[in-house]
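In listed order, ligands and their atoms are each counted from 1.
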Amino acid sequence: MEQLNLLVIGSGGREHAIVDALSRSPQAAKIYAAPGNAGIARQAECVPIRETEIDRLVAFAREHAVGLTVVGPEAALAAGVVDAFKRAGLRIFGPTQAAARIESSKEFAKELMTRYGVPTAAFRAFTSYEEARAYVAAGSFPTVLKYDGLAAGKGVVIAGTMEEADAALRDMLLDDKFGHGKVVVEEYLTGPEFSFMCFVSGERVWPMQLAQDHKRAFDGDKGPNTGGMGAYSPLPFITAEDEQYALERILKPVARAMVAEGCPFEGVLYGGLMKTPQGIKVIEFNARFGDPETEVVLPRLKSDIVDIFRAVADGGDAELVWHDFATLGIVLASKGYPGAYDKGIEIGGLDRVEGRVYHMGTRADGDRVLTAGGRVLFVVGEGATLAEARAKALADVARIDCDNLFHRTDIGHWALD
Ligand code: AMP
Ligand code: GLY
């Protein structure tokens, strides 16, 4: 079997889980991460190139005979990293800038879904504050306002009243708080949310196991929205029929639509879905692996992930085989996150942990590991049941010493409590 040098772009828990999966492959020669973090450095060689320094990434891949590059973060995709690698004749796993619009432009995603009959919340897009305000005033509450563009999960406002909606529309359309102003106003949906990630290569779609993220900062789904505070897989409340429906009516049609629109998708297509009383509908698409969903899904993958990456990039075939065990992961975040927080606090006890720990935001200082971000560590428990996986994750969390971290204790409550 031909061995490859591999490069993972990014520096979070998702990239750590990708590096971990690659390191289980007999096809992995040398694994590099750019820029990586203190945990990734134990399994790969970290190189100090940031995720959007595209020319330097291309040059690095050439100089180090990298046979396959895997992109983690959306910022690198939106900056055109895949286009640049392809122009340079380098193999890369991820969508082009044009295909990544399924995530980077809410309006593109919504119009595609409407045109191809993919179930999603009713919507209208606006650039005029007056028109958006009039439309919202004539509708019902709560209503959902989404800033159109990459806003790191902070561009969505669920407004319960006209006053809240007006304040958000002013922020998004008049004050240009996020950059250029365009807003999608959406029907408010209810029901459990879940994440359905698929490997996609043109019209070919390989579904992964389902996962659920927890976006709110505190137990009981209270507090501000975050990038995600924990996740688990599988999901007992989503039936095999639900999964089949989502695959046949949502993920596959979108993959076909992207081909028809002249921007075929290659990479991970992530459906953020909701099981509403009227059936499963799309909340959003992402053009990449989810974070932290990837950290609970990839440990369950029994197949060689390099085979899948090759099949997507080169057009061959691959089979996905999964372990039966359940995984449940808990984020340890810096106190204050998602608001302001301190960095550079030492983390102890990592060598006492029995399961997997993926680093989300850490930095090495000699032998010491220091906090370096809002979300710092992701502790994954593995068990025959979700309850066992949760107990193991919580036991490992208790083994980690750091004064400046907090976590949720109820991850998985949709399935367990
Ligand atoms: P998004 O950035 O589009 O994933 O939105 C962030 C969160 O806002 C989602 O995870 C949902 O919890 C919520 N949300 C987004 N759109 C809707 C909607 N149409 N109805 C209800 N909740 C929504
Ligand atoms: N977990 C949500 C995301 O990756 O966007």
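Here is the list of ligand 2 atoms found below 4.0 Å of a heavy atom in D213: 1 (N), 2 (C). Atoms of ligand 2 found under 4.0 Å from any heavy atom of E293 (numbered from 1 in listed order, with element): 1 (N), 2 (C), 4 (O). Atoms of ligand 1 lying under 4.0 Å from at least one heavy atom of K215, given by number and element, are 10 (O). Those atoms of ligand 1 with a heavy atom of Y188 less than 4.0 angstrom away are 20 (N), 21 (C). Heavy-atom contacts of G290 reach the following atoms of ligand 2: 4 (O) (cutoff under 4.0 Å). Of all the atoms in ligand 2, the ones that sit under 4.0 Å from a non-hydrogen atom of N286 are 3 (C), 5 (O). Residue K146 approaches ligand 1 through these ligand atoms, each under 4.0 Å from one of its heavy atoms: 3 (O), 15 (C), 16 (N).
For atom 11 (C) of ligand 1, the nearest non-hydrogen atom from the set E193, K106, E187 belongs to E193. Across the listed options T276, V156, V282, T190, V156 owns the non-hydrogen atom lying nearest to atom 5 (O) of ligand 1.
Side chain of E187 to backbone of A122: a donor-acceptor contact under 3.5 angstrom is found.
With a heavy-atom cut-off of 4.0 Å, N225 does not touch ligand 1 at all. The part of V144 lying near ligand 1 is the side chain, judged by heavy-atom distances below 4.0 Å.
Under a 4.0 Å N-O distance rule, the pair D314/R91 qualifies as a salt bridge. A salt bridge links D20 with R24; the closest basic N to acidic carboxylate O contact falls under 4.0 Å.
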Residue pair N286, E74: steps toward the side-chain hydrogen bond (donor to acceptor under 3.5 Å, both in side chains) verdict:
CA-CA 8 Å; N286 292 324; E74 58 273 33; over 6 Å; no
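Between F60 and Y32, the ring center distance clears the sub-6.0 Å criterion. Between F126 and Y135, the distance from one ring center to the other falls under 6.0 angstrom.
Backbone and side-chain nitrogen or oxygen atoms of K215 are examined, and none is located within less than 3.5 angstrom of a nitrogen or oxygen of ligand 2. Inclusion of R288 in the set of residues having an N or O under 3.5 Å from an N or O of ligand 2 is warranted.
Residue contact annotation: Y270 has a non-hydrogen atom under 4.0 Å from ligand 2.
Between H16 and Y358, the ring planes lie perpendicular to each other; the angle is over 60°, past the 30° to 60° tilted range. Using cut-offs of 30° and 60° for the angle between ring planes, the W414 and F237 rings count as tilted.
The side-chain hydrogen bond (donor to acceptor under 3.5 Å, both in side chains) with Y232 is formed by just one residue from the set R390, H413, Q212, H214; it is Q212.
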